Amino acid sequence: MEPTHQSTRDYIAARERGDADGASAIAREVAERFATRTTDGSEAAEIYEASMTVPLGQPES
């Protein structure tokens with residue numbers, strides 16, 4: 001998957017570094033934009049796909 005939205009790239013980076021709270025915040029922002037129709041479904045679809053395919057990493061201590 002090659003993300004086309006910056007939010008998806010940020011979401012993937014957050015998951016890879018183990019930042020579950022940051023990833024969740026990004027997903028909520030995208031869902032909010034989708035709910036108010038300020039974005040089309042492609043951004044939400046990318047976040048969904050990333051949530052299913054990118055494992056949550058271990059946070060650095």
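Any value given below was found using the heavy atoms of this structure, including those in side chains, with hydrogens, waters and symmetry copies removed. None of the values given here were measured: they were computed from a predicted structure.
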Looking at every heavy atom in both [X] and [Y], which two are closest together, and how far apart are they?
X: Ala14; Y: Ala23; result: CB-N, 3.8 Å
X: Ile12; Y: Ala50; result: CG1-CB, 3.8 Å
X: Ser42; Y: His5; result: OG-NE2, 3.0 Å

- Query: Of all residues at least two apart in sequence or in a different chain, which pass the side-chain contact (heavy atoms from CB on, under 4.5 Å) check with Gln58?
  - Reply: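 For Gln58, no residue satisfies side-chain contact (heavy atoms from CB on, under 4.5 Å) once neighbours in sequence are set aside.
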- Message: Is the terminal nitrogen or CZ of Arg9 (NZ for Lys, CZ for Arg) located under 6.0 angstrom from the six-membered ring centre of Tyr11 and within 45° of that ring's axis?
- Response: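 Relative to the ring axis of Tyr11, which defines the angle, Arg9 lies outside at least one limit.
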Contacts table for residues 26-33: side-chain donor-acceptor under 3.5 angstrom, sequence neighbours left out:
unit_1 : atom_1 : unit_2 : atom_2 : d
Arg33  : NH2    : Glu43  : OE2    : 2.5

- Task: Determine yes or no for a side-chain-to-main-chain donor-acceptor pair under 3.5 angstrom, with Ser24 supplying the side chain and Asp21 the backbone.
- Result: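 Side chain of Ser24 to backbone of Asp21: no pair is present.
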